[in-house]
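Please read the structure below before turning to the comments.
Keep in mind the model is a prediction, meaning the values are calculated, not measured.
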Amino acid sequence: VYLLAKEGLKVFNHAHDFAEDRPTNLQFLKEIISDIFLQDINEVLYPQLPNYQFGVLNSFDYERLVSYGVNRDRIEWLPNPVSITVSENAPGKSESKSEICKSLNLDEEKLLVTYPVRVIQRKNIGEFILLAKLFAHKANFVVTQPPQNPVEIDMYKRWVQFCEKEGIKVTFEAGTKVDFEKLLTGSDFCITTSYKEGFGMVYLEPWLLDTPVVGRDIDFITKDFKDDGFVFPTLYYKLNIPGIKIDFKDLNMKLQMEIISDVVNQKIESQKIFEQNPILKTLFRKVAEHVSEKNKSIIKNNYSLKGYGIKLQERYKKLVG
């Protein structure tokens with residue numbers, strides 16, 4: 001693409017991910033571009049050419065490109081459009097929840113908490129499982145999809161087996177068993193424990209079905225949403241574990257499993273975790289209807305497909321001339 005741009009072709013690089021966020025990818029690129037093609041990696045990735053322009057998902061990536069020397073007038077901030085097509089005559093929340101709980105054999109009296117995600121490493125499934133244990137008395141925890149990447153499958157299977165062994169009730173692969181839209185509609189909450197996102201669709205999409213989003217905050221992702229006026233009921237930055245100085249998300253799988261086992265066996269008291277993380281006590285507090293309505297309104301006004309199309313078309317016109 002860089003060579004085509006050097007020849008004068010007009011390029012719009014709509015960047016959803018950056019190699020800098022994945023050190024092994026960046027090292028691989030350096031080996032190929034610098035060592036084999038003998039090119040300057042920064043010039044190849046971020047050419048100083050007026051006919052080479054960028055689209056980015058958020059303000060963090062916008063400022064990142066500026067810091068790399070890309071002129072602001074060559075960057076378009078294009079947040080992903082957010083929309084869900086609700087089926088005609090779709091059942092409401094209580095009816096959807098009832099159907100989902102029957103299909104998945106869950107206790108309808110408990111909250112239904114869904115993590116709408118494909119389980120990969122950065123989605124931090126261990127933390128989701130810890131929360132499932134801590135809130136087992138009041139909520140059913142459901143995750144929607146298994147990984148597709150073969151590299152992630154062993155990790156996923158180990159967590160599934162771990163839950164079976166420790167008697168932790170988590171419903172895996174719910175998205176393959178029930179209708180996804182109905183699951184999100186019927187959920188009392190959607191939750192995210194992810195520590196890395198490109199755009200953060202999980203923070204927005206469920207609100208369109210009147211389902212609040214709670215969980216781990218990724219501040220450089222949620223900053224833009226909050227700047228738009230979004231209200232998130234309960235997001236936390238860190239999960240503290242008694243006797244351990246670092247955030248739970250930064251522990252390896254073995255240590256995460258050991259901690260969860262200690263909670264199951266009461267070597268670590270659940271109450272101590274709540275004491276060290278008081279925000280967890282508000283995690284599943286009822287969300288006022290006006291909060292949902294406000295958030296839905298912001299999505300419709302600021303993240304519409306139509307608005308996205310207009311911005312993209314204007315950028316193409318500018319590029320083509």
Side-chain angles (χ1 to χ4, degrees), residues 1-7 9 11-49 51-72 74-80 117-128 145-159 192-202 216-224 237-239 244-257:
V1 174
Y2 164 68
L3 292 175
L4 289 170
K6 274 188 77 175
E7 288 177 15
L9 270 73
V11 172
F12 184 69
N13 180 346
H14 198 169
H16 281 232
D17 292 294
F18 287 77
E20 290 86 339
D21 295 330
R22 294 165 173 78
T24 52
N25 287 11
L26 188 60
Q27 186 55 38
F28 176 70
L29 273 179
K30 283 177 178 172
E31 289 169 10
I32 300 297
I33 293 172
S34 303
D35 301 350
I36 295 177
F37 288 101
L38 307 178
Q39 298 274 353
D40 177 348
I41 186 168
N42 294 318
E43 172 60 17
V44 171
L45 293 181
Y46 309 107
Q48 298 297 324
L49 298 167
N51 56 304
Y52 195 112
Q53 300 184 8
F54 291 88
V56 293
L57 299 180
N58 53 53
S59 61
F60 179 82
D61 289 338
Y62 185 97
E63 295 302 333
R64 183 206 306 248
L65 286 181
V66 171
S67 75
Y68 293 164
V70 180
N71 294 336
R72 291 180 186 271
R74 290 200 291 128
I75 312 169
E76 189 72 40
W77 181 359
L78 278 169
N80 281 340
V117 75
R118 193 173 290 287
V119 178
I120 55 176
Q121 190 67 42
R122 64 186 175 88
K123 300 300 182 179
N124 194 16
I125 194 69
E127 188 164 303
F128 174 77
Q145 294 289 342
Q148 283 185 322
N149 185 341
V151 174
E152 305 273 6
I153 287 171
D154 178 60
M155 171 273 299
Y156 173 70
K157 285 181 176 174
R158 285 172 64 191
W159 277 118
T192 173
T193 54
S194 172
Y195 55 75
K196 191 186 287 287
E197 293 292 324
F199 173 66
M201 190 69 81
V202 68
R216 183 174 278 275
D217 202 342
I218 305 174
D219 53 1
F220 73 88
I221 295 291
T222 58
K223 176 188 179 297
D224 296 337
Y237 289 105
K238 189 178 181 188
L239 193 58
I244 293 178
K245 291 182 179 175
I246 61 174
D247 189 350
F248 186 81
K249 79 171 173 64
D250 296 324
L251 301 172
N252 61 35
M253 182 191 287
K254 183 173 179 290
L255 281 172
Q256 287 191 345
M257 285 181 170

Determine, stepwise, if the pair F28 / R22 fulfils side-chain contact (heavy atoms from CB on, under 4.5 Å). CA-CA 10 Å; F28 176 70; R22 294 165 173 78; over 6 Å; no
Given L255 and I244, is the side-chain contact (heavy atoms from CB on, under 4.5 Å) satisfied, shown in steps? CA-CA 11 Å; L255 281 172; I244 293 178; over 6 Å; no
Might you work through the side-chain contact (heavy atoms from CB on, under 4.5 Å) test for R118 and N149, ending with a clear yes or no? CA-CA 10 Å; R118 193 173 290 287; N149 185 341; over 6 Å; no
side-chain contact (heavy atoms from CB on, under 4.5 Å) between V56 and L65: does it pass, once the steps are laid out? CA-CA 9 Å; V56 293; L65 286 181; 3.5 Å; yes
Could you walk me through whether R64 and D61 pass salt bridge (charged side-chain N to carboxylate O under 4.0 Å, His left out), step by step? CA-CA 5 Å; R64 183 206 306 248; D61 289 338; 2.9 Å; yes
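The shortest distance between side-chain heavy atoms of Q121 and V151 does not fall below 4.5 Å. Contact check for L78 versus L57: no side-chain heavy atoms found under the 4.5 Å cut-off. Looking at K123 and I120, their side chains come closer than 4.5 Å, going by heavy atoms from C-beta outward.
Across all their heavy atoms, I41 and S34 have their closest contact at CB-OG, 4.1 Å. Residues Y52 and R74 approach most closely at O-NH1, 2.5 Å, considering heavy atoms. Of all the heavy atoms in V11 and A5, the pair that sits closest is CG2-CB, 3.9 Å. Heavy atoms only, all atoms of each residue included: T193 and R216 are closest at O-CD, 3.7 Å. Looking at every heavy atom in both residues, N51 comes nearest to L9 through ND2-O, 2.7 Å. The shortest heavy-atom contact between A19 and L26 is O-CB, 3.7 Å.
Rounding to the nearest 0.5 angstrom, the gap separating the CZ atom in R158 from the CD1 atom in I125 is 14.5 Å. Atom CG of L49 is separated from atom CD of E7 by 11.5 Å, given to the nearest 0.5 angstrom. Considering CG of N13 and CD1 of I75, their distance stands at 11.0 Å, rounded to 0.5 Å. The CG atom of L38 sits 11.5 Å away from atom CD1 of I33, with the distance rounded to the nearest 0.5 Å. Rounding to the nearest 0.5 Å gives a distance of 10.0 Å between CD of E197 and CG of D17. Atoms CG and CE, from N252 and M257 in turn, are 10.0 Å apart once rounded to the nearest 0.5 Å.
Looking at residues two or more places apart in sequence or on another chain, you find no salt bridge (charged side-chain N to carboxylate O under 4.0 Å, His left out) involving D250.
Residues E127 and N124 bring a donor and an acceptor atom of their side chains to less than 3.5 Å of each other.
For K249, the NZ atom is densely surrounded, since the number of other residues' heavy atoms within 6.0 Å is greater than 12. Counting heavy-atom neighbours within 6.0 Å of F37 CZ, excluding the residue itself, gives a total of 12 or less.
Paired with D224 under the rule side chain to side chain contact (heavy atoms under 4.5 Å, CB included), one option of F60, W77, Y62 passes, and it is W77.
Y46 and F54 have tilted rings, their planes meeting at an angle from 30° to 60° on a 0 to 90° scale.
Remark: side-chain polar atoms of Q48 are paired, donor with acceptor, to backbone N or O of G69 under 3.5 angstrom.
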